[in-house]
Amino acid sequence: MYRELRVGVVIPAFNETRAIAKTVATIPEFVDKIFVIDDCSHDDTSARARVTPEVVVVRHRENRGVGAAIATGYRHALEAGLDVAVVMGGDGQMDPRDMPALLDPIAAGTADYVKGNRFLHPDVWTEMPPARIVGNVLLSAATKVTSGYRHVFDSQCGYTAIHRDALSRLDLDVMWTRYGYPNDLLSRLHVAGSRVADVAVRPIYGQHWKSGINFSTALHPIPYVLLRSWGSRLAAESFRRAR
Ligand SMILES: Nc1nc2c(ncn2[C@@H]2O[C@H](COP(=O)(O)OP(=O)(O)OP(=O)(O)O)[C@@H](O)[C@H]2O)c(=O)[nH]1
Ligand SMILES: [Mg+2]
């Protein structure tokens, strides 16, 4: 429980044998429930995630993508009756000490969805690889336009918190399932009228950093996701205005 909120943490994980146990073990005490969604890993991610018997490990029968893993976790968080669902990668790139900052605007009732913004943290220029800085700046600028949230930056940061009410206004069955899900999700939140805030979080890459992002998995689909989410947002919002 954090400031009267029952908090669940959703951790999407694919082949994270190296980082998953530490990620789970360092989650703050105030968290009520932890859901690790093993996206059909080829390694022992599921076994290593069971740091304590209370951790709920859900395994996809096939690899469905990080967006689909998060949607699975969100369904579990709603079913468990939690007030807030925090998403944290299973790759140890998010600092658990930043979690209160993500939860505070929701506890104060000033936001429905809060996302991390690594560009508000001074370490970004030394910690984030230059190619990632360029890619994240370009995608964040594009997502300001496509999502309609002009004040939000660092669109690709996956460290987020969402209130149950905003979560229940989303159709989890139609969310983008792979890389590009944050860009798609922000547009859907805008259509649903959710208030979004971003807060500083520490970027972590470290010497053992590995990523699933390459041309075919991410860079190729993302322009399509951006255009699609822009078009559907504008269509949904103009339809609503015309009624
Ligand atoms: N690569 C990949 N990751 C997945 C998948 N499903 C769930 N994940 C998890 O999604 C999280 C983010 O994946 P990464 O590939 O590291 O992407 P990222 O952290 O957003 O980006 P980087 O800055 O490149 O590290 C990790 O916790 C993965 O284990 C999947 O199908 N593929
Ligand atoms: Mg990563």
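One is the number of the first residue; the rest follow in order along the sequence. Order of listing sets the numbers, starting from 1, for every ligand and every atom in it. Values below: every heavy atom of this structure, side chains too, minus hydrogens, waters and symmetry copies.
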Closest approach of any protein heavy atom to [atom], naming residue and atom:
{"atom": "atom 6 (N) of ligand 1", "answer": "Asp39 OD2, 2.8 Å"}
{"atom": "atom 32 (N) of ligand 1", "answer": "Phe14 CD2, 3.5 Å"}
{"atom": "atom 24 (O) of ligand 1", "answer": "Ser211 OG, 2.5 Å"}
{"atom": "atom 31 (O) of ligand 1", "answer": "Asn63 ND2, 2.9 Å"}

[X] neighbourhood, listing ligand 1 atoms whose heavy-atom distance to it stays under 4.0 Å:
{"X": "Tyr179", "result": "1 (N), 2 (C), 3 (N), 13 (O), 14 (P), 15 (O), 17 (O)"}
{"X": "Gly90", "result": "27 (O)"}
{"X": "Glu16", "result": "26 (C), 27 (O), 28 (C), 29 (O)"}
{"X": "Gly89", "result": "27 (O)"}
{"X": "Ala13", "result": "29 (O)"}
{"X": "Tyr205", "result": "23 (O)"}

Within-cut-off N or O pair, Ala69 and ligand 1, under 3.5 Å
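Looking only at distances, the answer is no, because the N/O contact criterion of under 3.5 Å is not met.
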
State whether the shortest distance between N or O atoms of Arg132 and N or O atoms of ligand 1 falls below 3.5 angstrom.
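Yes, there is a polar N/O contact under 3.5 Å.
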
Using a 4.0 Å heavy-atom cut-off, say whether Val66 meets ligand 1 through its side chain, its backbone, both or neither.
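Both backbone and side chain of Val66 come within 4.0 Å of ligand 1.
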
Counting only heavy atoms not in Tyr205, do more than 12 sit closer than 6.0 Å to its OH atom?
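For Tyr205, atom OH is crowded (more than 12 foreign heavy atoms under 6.0 Å).
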
May I ask you to check whether over 12 heavy atoms, not counting those of Arg3, lie within 6.0 Å of atom CZ?
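Atom CZ in Arg3 is packed in, count exceeds 12.
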
What I want to find out is whether [X] reaches [Y] closely enough, with some N-O distance under 4.0 Å, to be called a salt bridge.
{"X": "Glu16", "Y": "Lys22", "result": "no"}
{"X": "Arg233", "Y": "Glu237", "result": "yes"}
{"X": "Arg188", "Y": "Asp184", "result": "yes"}

Under the salt bridge (Lys or Arg N to Asp or Glu O under 4.0 Å) test, residues paired with Arg178 that sit two or more places apart
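Counting only residues at least two positions away or on another chain, Arg178 forms no salt bridge (Lys or Arg N to Asp or Glu O under 4.0 Å).
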
At less than 2.8 Å, how many protein N/O/S atoms surround the Mg ion (ligand 2)? Leave waters out.
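Considering protein N, O and S only, the Mg ion (ligand 2) has 2 within range.
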
